[in-house]
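Presented below is the structure to which this report refers.
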Amino acid sequence: MTEARVLDTAALIAWPISELTGGLVVIHQEQELIRISPDRAALLDSMGLVFCQPNQDSIDLTLDAAKQSGDISGISETDLALVSLALERSAPLITDDYRMQNIATLLGIEWQGVSQVGISAVWSWSLICSGCGIKFDAPESTNVKRKQYGDCRDCGSALRLKKKK
């Protein structure tokens, strides 16, 4: 029997069904899969997945790491839950998402790419105004709409993420 692994949606789409059996997933992935790959979603019941939800302690630790790195601005609730589940279960995380890999590395979670090599170093991010250049603290929660970080309270320009040097 293979070791339990936490599977990102990319693995659910790209890997053969035989590789997914026993994989740990969160309930939100079902809707993602239906939206991204309806044909694959139709096979969901035959994939042999184990649906879980991480506990609040794991979510809080993952949230802290995401805030520390600045990845909180670009990660979804589903992705945060998957990293939290990997932390809680001490299970490898299977993902091509660089933000998830970044947070996993900070938390000491083993990760593996789905079809890509993955990150080679941990990056930290700052939230910067694209107009006046003011730096802002990372938000307290995940970003529902990717790449939409809000507007500067001083000049009204869009905020963006920038890699810290």
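In this structure, S84 and T62 approach most closely via the heavy-atom pair OG-OG1, 3.1 Å. Residues A91 and L24 come closest through the heavy atom pair CB-CD1, 4.4 Å. Closest heavy-atom contact between G113 and W15: O-CZ2, 4.4 Å. Considering all non-hydrogen atoms of both residues, A11 and L20 come closest at O-CD2, 3.6 Å. L93 approaches V83 most closely through the heavy-atom pair CD2-CG2, 3.9 Å. Taking every heavy atom of both residues into account, R99 and I75 meet most closely at CD-N, 4.3 Å.
We find the CG-CG distance between N102 and L107 to be 10.0 Å, quoted to the nearest 0.5 Å. Put simply, CZ on R160 and SG on C129 are 9.0 Å apart, with the number rounded to the nearest 0.5 Å. Rounded to the nearest 0.5 angstrom, D39 CG and I34 CD1 are separated by 12.0 Å. From L82, atom CG reaches atom CD1 of I103 across 11.0 Å, with rounding to the nearest 0.5 Å. Note that CD of Q53 and NE2 of H28 are 6.0 Å apart. Values are rounded to the nearest 0.5 Å. In this structure, CD on E32 lies 4.5 Å from OG1 on T78, to the nearest 0.5 angstrom.
For the pair D8 and D96, the minimum side-chain heavy-atom distance is 4.5 Å or more. I17 places a side-chain heavy atom less than 4.5 Å from the side chain of S46. The shortest side-chain heavy-atom distance between L44 and L33 falls under the 4.5 Å cut-off.
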Steps toward side-chain contact (heavy atoms from CB on, under 4.5 Å) verdict (C152, L159): CA-CA 6 Å; C152 178; L159 299 179; 4.1 Å; yes

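Among pairs with a residue in residues 85-94, none fulfils salt bridge (Lys or Arg N to Asp or Glu O under 4.0 Å), at least two apart in sequence or across chains.
By the side chain to side chain contact (heavy atoms under 4.5 Å, CB included) test, A158 is found to be paired with S130, D151, residues two or more places apart in sequence or in another chain being considered. Shown here are the side chain to side chain contact (heavy atoms under 4.5 Å, CB included) partners of A81, two or more places apart in sequence or in another chain: V26, P54.
In this structure a side-chain-to-backbone donor-acceptor pair under 3.5 Å is present from R40 to L12. Side chain of T105 to main chain of Q101: a donor-acceptor pair is present (N/O by atom type, distance under 3.5 Å, no hydrogens or angles). A donor-acceptor pair under 3.5 Å is formed between the side chain of Q29 and the backbone N or O of L7.
A donor atom on one side chain and an acceptor atom on the other are found under 3.5 Å apart for D71 and S69. Using a 3.5 Å distance cut-off with no hydrogens or angles, the side chains of D60 and Q56 do pair a donor with an acceptor. Judged by distance alone, the side chains of S58 and N55 do bring a donor and an acceptor atom under 3.5 Å apart.
Hydrophobic clustering (side-chain heavy atoms under 4.5 Å, transitive across Ile, Leu, Val, Met, Phe, Trp, Tyr) keeps I27 apart from V50. With hydrophobic clusters built from ILVMFWY side chains whose heavy atoms lie under 4.5 angstrom apart, L87 shares a cluster with L85. Under the 4.5 Å side-chain contact rule for hydrophobic residues, I59 and I72 share a cluster.
Of the listed residues (D79, I94, L80), just one forms a side-chain contact (heavy atoms from CB on, under 4.5 Å) with M100, and that residue is D79.
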